[in-house]
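Below: the structure, in structure tokens.
The chains referred to below are lettered A, B, ... by the order of the sequence lines, with proteins before strands, and numbering in each begins at 1.
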Amino acid sequence: MTALRIATGVPGTRILGIGSAQPENVVTNDDLSKIMDTNDEWIRERVGIVERRFAGEKDTVVSMAVEAGSKAIAAAGLTPADLDTVIVANCTTIAPIPNAAAQVADLIGIKAAGGFDLNAACAGFCYALGVASDLVRSGSSKRALVIGSEKLSDIVDPTDRSTAIIFADAAGAAVVGPSDEPGIGPVAWGTAGDLVDMIGMTEERNIYQEGQSVFRWATTKIAPIAMQALDLAGLKPSDIDVLIPHQANLRIVEAIAKKLRKEGAREDMVVADDIVTSGNTSSASVPMAMDHMRAAGRIHSGDVALLIGFGAGLSYAGQVVVCP
Amino acid sequence: MAEKPTDEEILAGLAEIVEEVAGVEADEVTAEKSFVDDLDIDSLSMVEIAVQAEDRFEVKIPDAELANLKTVGDAVTYVSKNA
Ligand SMILES: CC(C)(COP(=O)(O)OP(=O)(O)OC[C@H]1O[C@@H](n2cnc3c(N)ncnc32)[C@H](O)[C@@H]1OP(=O)(O)O)[C@@H](O)C(=O)NCCC(=O)NCCS
């Protein structure tokens, strides 16, 4: 038998551009306290959120993904014709078919794109980034659009104060392409299947979570995964310029940063706090935080960022990237 | 820990942990104090205190147990019984 030919790979990959999208409708803690027994002070102290955005009638996982994805392509200085793959990480589309990726590819105008959805809940973007990077590196894709887009307001009971105060809607996107110098490190990913019931959905299709158990897991088990991602990339904690954990709860973000600083991360390491004004947007939170920090001038091209997503499954994924 | 700690040792250890997690002066952490009402420690800080106490005293403090540990003394008794 003749040996099969395989694709020719490239030495490395990097993020070429990022973008994000949020619905217009801003919802404050005081707005929420009118419909449930909660208050601004409690929410700020317990989760760190001041306001978040909820999708309107027209906003969908697909529409927000299209907006974020288009911005990322423009930021990369590319056009849709330069891409051939679309991955939409999400866990909130109501209809599994047609998948979001095919619709997004069509609406953006990426012809005959390889397209699929990927569900790893709040870790979805970092999973998808790992997959996209390997597709490009192996030569299977020339450039890939990776999006995290979520309309959590569709799967949250709007009167349940244990979830409605936390979750929100948004999309974030990145274009991944070839690079001589590696700009995306190997992914450290996994699942903690013994904790599978900690976050899930009720029969009414509403999200539920064991808040304290998830908090315990996230504040103890995620920093070591972040260390693993650093190690895979051959870096030390002191090399991190920017830490972008999934924006689950500001206190979880701060606990992860504190642990990494104990391991040698710098005091001047910039730590994402986008949850304060965006809420917890599941797979959208990491790329959106990166985009917002870039727009605010808090991170710069060439900065070394450590990304780490975690959520239902319980699933986690993290990697080091060089900021575009 | 090789030998079972005394209640005084447990209290001193808990006080250090509470100081580190919640910024409450260790001297303030006495047996009769309520975590929530006197020391102003919320349920998420309690989780962090439990995690550190588990490491330090080699005990398991499940989340379900946390709600029963109302005072510092309750926590000392729990650790002493289960360590
Ligand atoms: C969800 C979460 C904020 C709840 O906080 P908690 O401290 O565990 O909340 P509890 O249900 O134990 O309630 C603690 C107290 O606050 C009160 N409370 C709960 N929710 C409240 C709300 N929304 N507003 C005001 N008060 C509230 C409770 O009545 C209780 O008061 P009591 O002790 O006087 O009875 C917290 O557990 C959390 O953020 N966990 C991590 C979850 C996460 O990040 N998930 C996403 C993963 S992708």
Side-chain angles (χ1 to χ4, degrees), chain A residues 29 37-49 161-163 165-166 192 194-200 208-225 245-263 273 275-276 280 310 314, chain B residues 1 10 12-26 28-29 33-83:
Chain A
N29 295 339
D37 181 15
T38 190
N39 60 76
D40 181 54
E41 192 193 347
W42 193 94
I43 299 174
R44 281 180 196 239
E45 278 182 8
R46 224 46 88 106
V47 291
I49 298 173
R161 67 179 188 165
S162 70
T163 52
I165 57 151
I166 297 174
D194 52 327
L195 301 175
V196 72
D197 297 328
M198 295 291 139
I199 306 175
Y208 73 81
Q209 61 177 350
E210 302 286 340
Q212 278 167 26
S213 303
V214 174
F215 183 85
R216 184 193 284 242
W217 175 76
T219 52
T220 53
K221 301 289 192 253
I222 296 306
I225 306 298
H246 165 50
Q247 301 289 292
N249 176 321
L250 192 60
R251 287 173 61 174
I252 295 176
V253 169
E254 285 167 353
I256 295 170
K258 188 172 167 188
K259 284 228 155 80
L260 291 177
R261 287 194 170 113
K262 275 196 181 147
E263 299 285 344
D273 56 4
I275 184 169
V276 176
N280 175 340
F310 49 91
L314 298 174
Chain B
M1 210 165 283
I10 296 170
L14 280 174
E16 270 178 37
I17 293 171
V18 169
E19 175 158 2
E20 133 121 61
V21 170
V24 177
E25 296 246 355
E28 295 286 308
V29 184
K33 294 270 175 71
S34 146
F35 286 109
V36 176
D37 299 331
D38 300 325
L39 303 175
D40 208 17
I41 289 169
D42 71 20
S43 49
L44 297 183
S45 294
M46 277 304 283
V47 173
E48 296 189 84
I49 291 166
V51 166
Q52 294 207 21
E54 287 189 348
D55 273 358
R56 187 162 184 149
F57 303 115
E58 295 175 16
V59 286
K60 280 259 156 277
I61 313 176
D63 294 318
E65 193 60 47
L66 285 179
N68 303 330
L69 307 180
K70 301 243 183 291
T71 65
V72 175
D74 294 340
V76 172
T77 310
Y78 179 87
V79 170
S80 166
K81 269 203 192 129
N82 295 279

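Using a cutoff of 4.0 Å between basic side-chain nitrogens and carboxylate oxygens, Arg261(A) and Glu254(A) are not scored as salt-bridged. With salt bridges taken as basic N to acidic carboxylate O contacts below 4.0 Å, one links Arg56(B) and Glu16(B).
Of the N and O atoms on the side chains of Asp74(B) and Thr71(B), at least one donor lies less than 3.5 Å from an acceptor on the other residue.
Shown here for Ile166(A) and Gln209(A), the closest heavy-atom pair between the two residues is CD1-NE2, 3.4 Å.
In this structure, the portion of Thr220(A) lying under 4.5 Å from any heavy atom of chain B is its side chain and not its backbone. With a threshold of 4.5 angstrom between heavy atoms, Glu54(B) approaches chain A through side-chain atoms but not through N, CA, C or O. Of the two parts of Arg216(A), the backbone and the side chain both hold a non-hydrogen atom closer than 4.5 Å to a non-hydrogen atom of chain B.
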